[in-house]
Undergrad: 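Would you mind keeping the following structure in view while I ask a few things?
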Amino acid sequence: ISEKLRSRWAAFQIENAVKNGDYSTAKEWLTNQEIPLESHPFYRFMHLSPIRIALAEDNIKEAKDLIREAIEKARKHKWAYGLVWLLLRQVIIANNQTNAIKNLKEAITIGQKGGLVRTFLEAGPEIASMLRAIPENKDTEKYVEGLLSAFLENETVVAKDDRKGILSEREIEVIQLAAEGLTNQQIAEKLVVSISTVKSHMHHIYTKLDTSNRTQAIAKSRALKNIQ
């Protein structure tokens with residue numbers, strides 16, 4: 001197998017492991033890979049992998065640092081998909097609305113040139129809410145409308161699955177506490193359960209909501225009216 005295919009396969013395995021809450025496997029795949037960005041475009045996907053892991057583990061500070069570094073490389077090498085992916089993650093973890101909108105506008109401009117849609121959908125329902133909130137721009141109006149239509153269609157497909165988004169009472173309780181800013185340890189103490197039990201609940205929540213980290217799970221739970 002060529003180096004480029006090994007790199008793309010590793011990136012896929014890391015993404016899949018993170019989605020399933022198996023962070024140890026994700027880190028193992030990441031540790032065993034070299035990431036020479038300049039050698040081939042497929043290596044670029046590996047640069048997103050540490051960020052996926054950091055976001056999934058709610059290590060926001062590390063994620064921000066990694067995203068800033070990766071954005072510089074994406075700009076330098078003119079990697080549109082990666083840059084949009086990174087900007088959308090910055091939107092999600094932004095400290096204020098001004099920065100979030102600034103990053104979203106740039107993602108829209110770049111995404112429109114490349115005809116990117118799935119990249120926005122994968123970022124989660126919070127992006128759809130932000131798209132509705134940004135001021136209208138005649139240059140990108142049709143593209144934004146198309147993205148919102150894609151989000152709506154995606155939500156319809158998800159709704160057809162009877163189990164999608166249906167959380168148990170305990171899972172709703174856990175994600176509500178997470179939305180209030182409690183850590184896994186604090187949730188465990190409040191519910192008088194072990195931290196491993198809380199992590200198990202979070203894993204099931206991610207799976208049911210088709211999300212890969214806490215931020216996305218909270219946003220989607222709110223979108224589905226599971227929590228306030």
Side-chain angles (χ1 to χ4, degrees), residues 2-19 23 26-27 29-128 130-131 134 137 139-140 143-144 146-147 150-151 211-216 219:
S2 66
E3 287 293 323
K4 65 180 182 181
L5 288 180
R6 277 202 294 270
S7 175
R8 187 67 185 95
W9 177 248
F12 169 78
Q13 291 295 335
I14 291 169
E15 180 180 358
N16 193 52
V18 167
K19 193 170 184 178
Y23 306 140
K27 289 177 180 178
W29 274 98
L30 183 62
T31 302
N32 293 332
Q33 302 300 312
E34 295 182 0
I35 321 176
L37 179 64
E38 290 78 9
S39 53
H40 193 279
F42 279 96
Y43 279 111
R44 298 171 180 172
F45 287 93
M46 288 300 296
H47 279 269
L48 305 182
S49 298
I51 298 167
R52 292 184 192 278
I53 295 172
L55 288 172
E57 293 186 322
D58 297 307
N59 192 338
I60 303 302
K61 183 181 183 304
E62 180 182 354
K64 286 182 177 180
D65 291 340
L66 290 169
I67 288 173
R68 278 195 294 268
E69 180 182 349
I71 281 179
E72 290 181 9
K73 293 176 180 177
R75 290 191 194 283
K76 177 182 177 182
H77 296 277
K78 297 179 172 56
W79 187 30
Y81 165 80
L83 185 53
V84 171
W85 191 97
L86 292 161
L87 288 168
L88 292 176
R89 268 63 191 178
Q90 278 198 325
V91 171
I92 293 171
I93 63 177
N95 293 326
N96 59 71
Q97 187 84 346
T98 301
N99 287 339
I101 290 177
K102 178 183 176 182
N103 289 319
L104 183 57
K105 284 182 176 179
E106 184 177 0
I108 290 170
T109 299
I110 299 169
Q112 180 174 240
K113 292 178 181 177
L116 301 179
V117 175
R118 176 56 55 183
T119 317
F120 284 81
L121 297 181
E122 290 174 349
E126 189 173 30
I127 296 300
M130 290 294 297
L131 287 171
I134 62 172
N137 183 326
D139 294 329
T140 58
Y143 178 61
V144 171
L147 290 175
F151 269 107
T211 56
S212 59
N213 59 61
R214 182 175 300 222
T215 302
Q216 289 182 356

Undergrad: Please report the interatomic distance CH2(Trp85) to CD1(Ile71), rounded to the nearest 0.5 Å.
TA: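 Reported value, rounded in 0.5 Å steps: 10.5 Å.
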Undergrad: Between Lys64 and Ile93, is there a side-chain heavy-atom distance shorter than 4.5 Å?
TA: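 Sidechains of Lys64 and Ile93: in contact.
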Undergrad: Leu116: what forms a side-chain contact (heavy atoms from CB on, under 4.5 Å) with it, not counting sequence neighbours?
TA: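 Testing Leu116 for side-chain contact (heavy atoms from CB on, under 4.5 Å), a comparison that skips the adjacent residues, returns Val84, Thr119, Tyr143.
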Undergrad: For Glu122, enumerate each residue passing the salt bridge (Lys or Arg N to Asp or Glu O under 4.0 Å) test, keeping only those at least two apart in sequence or located in another chain.
TA: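 Checked Glu122 against salt bridge (Lys or Arg N to Asp or Glu O under 4.0 Å); zero matches.
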Undergrad: Taking distance alone, no hydrogens or angles, what donor-acceptor pairs closer than 3.5 Å link side-chain atoms of residues 108-115 to residues at least two apart or in another chain?
TA:
unit_1: Thr109; atom_1: OG1; unit_2: Lys105; atom_2: O; d: 3.0
unit_1: Gln112; atom_1: NE2; unit_2: Asp139; atom_2: O; d: 3.4

Undergrad: With sequence neighbours excluded, what pairs up with Ala123 under the side-chain contact (heavy atoms from CB on, under 4.5 Å) test?
TA: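 With neighbours one apart ignored, the set is Leu88, Arg89, Ile92, Ile127.
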Undergrad: Go through the structure and list residues passing salt bridge (Lys or Arg N to Asp or Glu O under 4.0 Å) with Lys27, not counting sequence neighbours.
TA: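 Lys27 satisfies salt bridge (Lys or Arg N to Asp or Glu O under 4.0 Å) with Glu57 once adjacent residues are dropped.
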Undergrad: Side chains of Trp9 and Trp29: does their closest heavy-atom pair fall under 4.5 Å?
TA: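 Touching, per the 4.5 Å side-chain cut-off.
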Undergrad: Once salt bridge (Lys or Arg N to Asp or Glu O under 4.0 Å) is applied, do any residues pair with Glu72, and if so which ones, sequence neighbours excluded?
TA: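 For Glu72, no residue satisfies salt bridge (Lys or Arg N to Asp or Glu O under 4.0 Å) once neighbours in sequence are set aside.
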Undergrad: Do Asn103 and Leu86 have side chains that get closer than 4.5 Å, going by heavy atoms?
TA: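 No, too far: nothing below the 4.5 Å cut-off.
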Undergrad: Among Lys76, Glu69, Arg75, find the one that has a side chain to side chain contact (heavy atoms under 4.5 Å, CB included) with Lys73.
TA: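 Running side chain to side chain contact (heavy atoms under 4.5 Å, CB included) over Lys76, Glu69, Arg75 with Lys73 returns exactly one hit, Glu69.
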Undergrad: Return the CD1 to CD1 distance between Ile53 and Ile51, rounded to the nearest 0.5 Å.
TA: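 Here the rounded value is 10.5 Å.
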Undergrad: For Leu87 and Ala107, which heavy atoms make the closest approach, and how far apart are they?
TA: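 Minimum heavy-atom contact is CD1-N, 3.8 Å.
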Undergrad: I need the minimum non-hydrogen distance between Ala100 and Val91, along with the two atoms involved.
TA: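 Shortest heavy-atom contact: O-CG2, 3.4 Å.
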Undergrad: Checking Asn137 now: which residues fulfil side-chain hydrogen bond (donor to acceptor under 3.5 Å, both in side chains) with it, not counting sequence neighbours?
TA: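 None.
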Undergrad: Which heavy-atom pair separates Ile14 from Ala26 by the least distance, and what is that distance?
TA: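 Shortest heavy-atom contact: CG1-O, 3.6 Å.
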Undergrad: Report the residues that fulfil side-chain contact (heavy atoms from CB on, under 4.5 Å) with Asn213, sequence neighbours left out, ordered by chain and then residue number.
TA: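 side-chain contact (heavy atoms from CB on, under 4.5 Å) list for Asn213, sorted by chain: Leu55, Ala56, Thr215, Gln216.
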Undergrad: Please list, chain by chain and in numerical order, all residues satisfying side-chain contact (heavy atoms from CB on, under 4.5 Å) with Asp65, sequence neighbours excluded.
TA: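 For Asp65 the side-chain contact (heavy atoms from CB on, under 4.5 Å) partners, ignoring immediate neighbours, are Lys61, Arg68.
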Undergrad: Would you please name every residue forming a salt bridge (Lys or Arg N to Asp or Glu O under 4.0 Å) with Glu126, sequence neighbours left out?
TA: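 By the salt bridge (Lys or Arg N to Asp or Glu O under 4.0 Å) rule, Glu126 matches no residue at all.
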